[in-house]
Number of protein chains: 2
Amino acid sequence: MDAFEALADPTRRQIIEMLCERERSAGELVESFTISQPAISRHLRVLRESGLAQYRGDAQRRIYSLNPTPLSEIDRWLDRYRSLWPHRLDRLEEHLTDGQALQKDQG
Amino acid sequence: MDAFEALADPTRRQIIEMLCERERSAGELVESFTISQPAISRHLRVLRESGLAQYRGDAQRRIYSLNPTPLSEIDRWLDRYRSLWPHRLDRLEEHLTDGQALQKDQG
DNA sequence: GAGACTCATAACTTGCCAGTTATATAACTA
DNA sequence: TAGTTATATAACTGGCAAGTTATGAGTCTC
């Protein structure tokens with residue numbers, strides 16, 4: 001299952017958003033939803049297989065974290081469409097690190 | 001069906017890419033694929049209902065065009081993850097119109 | 001107006017996906 | 001070692017999505 005398919009499910013998108021905040025154990029994720037533990041475990045497998053998540057072991061626990069690479073590929077897929085909607089310069093600036101910041105005020 | 005679900009299908013993504021190049025009649029799109037005309041018609045309905053495409057009539061024909069708004073929403077959804085991968089400044093520049101172009105060469 | 005053309009919808013089939021419960025696996029704990 | 005905890009997998013079910021063929025609806029042409 002590719003990243004687009006993985007993102008089609010709202011539960012998986014929510015997991016991604018939670019993993020963006022911080023890494024979490026499978027159990028923590030289960031507690032955040034009303035569906036069963038195996039259902040979450042399956043979603044985590046999909047996220048793993050699509051490259052969006054990974055885990056490290058911590059005793060019995062599995063600590064999941066986000067892998068943003070597939071998201072960056074979707075970002076690149078969007079490239080060809082970006083000219084079709086207005087880009088706010090301040091949004092662009094937000095994504096630049098301090099060191100790369102545009103110097104529109106100082107120029 | 002939301003935009004994420006609509007994008008999950010590779011045929012629909014391909015239709016979107018074709019409509020990005022130029023608007024096309026339903027029949028033109030059908031010729032570009034091996035699946036049946038009703039199957040494409042259904043994909044077009046999904047794209048319409050998710051706001052990604054629209055058509056105008058031209059006699060019997062229906063000329064489909066891309067509506068980029070849902071793509072821009074996905075672009076915004078990606079905002080919170082953008083800090084997680086490297087941003088190339090030249091890619092940012094590509095998305096700026098000439099009038100807004102960064103002046104790094106001239107400055 | 002009859003037939004051709006273009007496209008959508010109806011009706012149906014099939015396969016997959018997301019959920020369930022039950023169970024297996026692995027690691028910790030007493 | 002027995003029991004508990006944490007997570008994955010197995011087996012199954014139900015629903016939906018995507019495909020098919022057949023047909024309907026609207027528009028053009030002769």
Side-chain angles (χ1 to χ4, degrees), chain A residues 1-19 21-67 70-71 74, chain B residues 1-67 70-71 74 77:
Chain A
M1 187 178 288
D2 69 0
F4 279 107
E5 276 183 84
L7 290 179
D9 186 280
T11 299
R12 285 195 291 267
R13 285 201 300 277
Q14 207 170 331
I15 291 174
I16 286 172
E17 288 165 18
M18 294 179 68
L19 293 181
E21 293 173 7
R22 57 181 169 83
E23 58 182 19
R24 302 184 195 241
S25 70
E28 274 183 286
L29 293 168
V30 168
E31 289 168 10
S32 303
F33 295 88
T34 58
I35 61 178
S36 66
Q37 175 268 320
I40 295 294
S41 188
R42 197 154 187 53
H43 282 307
L44 289 172
R45 178 210 262 255
V46 170
L47 291 174
R48 261 162 25 223
E49 290 179 349
S50 64
L52 279 159
Q54 62 226 336
Y55 67 83
R56 61 181 170 80
D58 173 31
Q60 318 101 309
R61 295 208 177 92
R62 299 206 174 171
I63 311 295
Y64 278 84
S65 58
L66 182 66
N67 178 1
L71 295 178
I74 289 178
Chain B
M1 187 179 287
D2 69 0
F4 279 107
E5 274 183 83
L7 290 178
D9 186 279
T11 299
R12 285 195 291 267
R13 286 201 301 277
Q14 206 170 331
I15 291 174
I16 287 172
E17 289 165 17
M18 294 179 68
L19 293 182
C20 183
E21 293 174 7
R22 57 181 169 80
E23 58 183 17
R24 300 182 196 241
S25 70
E28 275 182 284
L29 292 168
V30 168
E31 289 168 10
S32 303
F33 295 88
T34 57
I35 60 179
S36 67
Q37 177 268 319
I40 295 294
S41 187
R42 197 152 187 55
H43 282 308
L44 289 172
R45 177 210 263 255
V46 170
L47 291 173
R48 264 167 15 229
E49 291 180 348
S50 64
L52 280 158
Q54 62 227 337
Y55 68 84
R56 59 180 172 83
D58 173 31
Q60 319 100 309
R61 295 205 178 94
R62 300 207 174 170
I63 311 294
Y64 278 83
S65 58
L66 181 66
N67 177 1
L71 295 177
I74 289 178
W77 183 83

J.: Want to settle it: does A:Ala59 or A:Thr11 sit nearer the 5' end of DNA chain C, counting the closest nucleotide to each?
T.: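 Nearer the 5' end of the strand: A:Thr11.
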J.: Select base, sugar-phosphate, or nothing to describe what A:Tyr64 touches, counting heavy atoms under 4.0 Å on all strands.
T.: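 Since only primed, P, OP1 and OP2 atoms lie under 4.0 Å of A:Tyr64, the category is sugar-phosphate.
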J.: Both A:Arg12 and B:Gln60 contact DNA chain C. Which one's nearest nucleotide lies toward the 5' end?
T.: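 Its nearest nucleotide being more 5', the pick is B:Gln60.
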J.: Has the side chain of A:Ser41 got a donor or acceptor atom that lies under 3.5 Å from a matching backbone atom of A:Gln37?
T.: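 Flag not set: sc A:Ser41 to bb A:Gln37 has no pair under 3.5 Å.
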J.: Side-chain N or O of A:Arg42 versus OP1/OP2 of C:dT20: is the shortest distance under 4.0 Å?
T.: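 Checking A:Arg42 against C:dT20: no side-chain N or O falls below 4.0 Å of OP1 or OP2.
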J.: Quick one: sort the B:Phe4 and B:Trp77 rings into parallel, tilted or perpendicular, breaks at 30° and 60°.
T.: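 The arrangement is perpendicular - the two ring planes meet at more than 60°.
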J.: Using only side-chain N and O atoms of B:Arg48, determine if any of them is under 4.0 Å from OP1 or OP2 of C:dA8.
T.: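 Affirmative; the distance criterion is met.
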J.: Side-chain N or O of B:Ser41 versus OP1/OP2 of C:dC7: is the shortest distance under 4.0 Å?
T.: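 The answer is no; no side-chain N or O of B:Ser41 sits under 4.0 Å from OP1 or OP2.
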J.: CZ of B:Arg62 versus C1' of D:dC28: gap in Å, rounded?
T.: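 Distance, rounded to whole Å: 15 Å.
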J.: It should be established whether B:His43 places a side-chain nitrogen or oxygen under 4.0 Å from OP1 or OP2 of nucleotide D:dG19.
T.: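 B:His43 to D:dG19 OP1/OP2: side-chain N or O found under 4.0 Å.
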J.: Does any N or O donor sit under 3.5 Å from an N or O acceptor when you compare the side chain of A:Gln37 with the base of D:dA8?
T.: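 Donor-acceptor pair under 3.5 Å: yes.
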J.: Where the side chain of B:Pro38 is defined as all heavy atoms beyond and including C-beta, which of D:dA22, D:dA18, C:dC7 is the nearest nucleotide?
T.: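 Selected nucleotide (nearest to the side chain): D:dA22.
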J.: In whole angstrom, give the distance that lies between atom CD of B:Glu5 and atom C1' of C:dC17.
T.: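 In whole Å, C:dC17 C1' lies 12 Å from B:Glu5 CD.
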J.: Using a cut-off of 4.0 Å on non-hydrogen atoms, how would the nucleic acid contact of A:Ala39 be classed: base, sugar-phosphate, or nothing?
T.: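 Contact class for A:Ala39: base.
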J.: How many whole angstroms separate atom CG of B:Leu44 from atom C1' of D:dG19?
T.: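 My rounded result for the distance is 15 Å.
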J.: Do other residues, nucleotides or ligands put more than 12 heavy atoms under 6.0 Å from the CZ atom of B:Arg48?
T.: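 Enclosed.
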J.: Starting at atom CD1 of A:Ile40, determine the distance to atom P of D:dT9, rounded to an integer number of angstrom.
T.: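 Computing the A:Ile40:CD1 to D:dT9:P distance gives 15 Å.
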J.: Between C:dT9 and B:Arg45, is there an OP1 or OP2 to side-chain N/O distance shorter than 4.0 Å?
T.: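 B:Arg45 to C:dT9 OP1/OP2: side-chain N or O found under 4.0 Å.
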J.: Surrounding CZ of A:Arg24 (heavy atoms of other residues, nucleotides or ligands, distance under 6.0 Å), is the total greater than 12?
T.: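 Atom CZ in A:Arg24 is packed in, count exceeds 12.
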J.: Between B:Asp2 and A:Arg13 (salt bridge meaning N to carboxylate O under 4.0 Å), is one present in this structure?
T.: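 A:Arg13 and B:Asp2: salt-bridged.
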J.: Rounded to the nearest angstrom, tell me the gap between atom CG in B:Leu47 and atom C1' in C:dC7.
T.: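 Going from CG in B:Leu47 over to C1' in C:dC7 covers 16 Å.
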J.: Has A:Arg61 got a side-chain N or O lying under 4.0 Å from the OP1 or OP2 atom of D:dA6?
T.: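 Yes, such a contact exists.
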J.: Closer than 4.0 Å, any side-chain N/O of A:Ser36 to the OP1 or OP2 of C:dT20?
T.: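 Result: yes.
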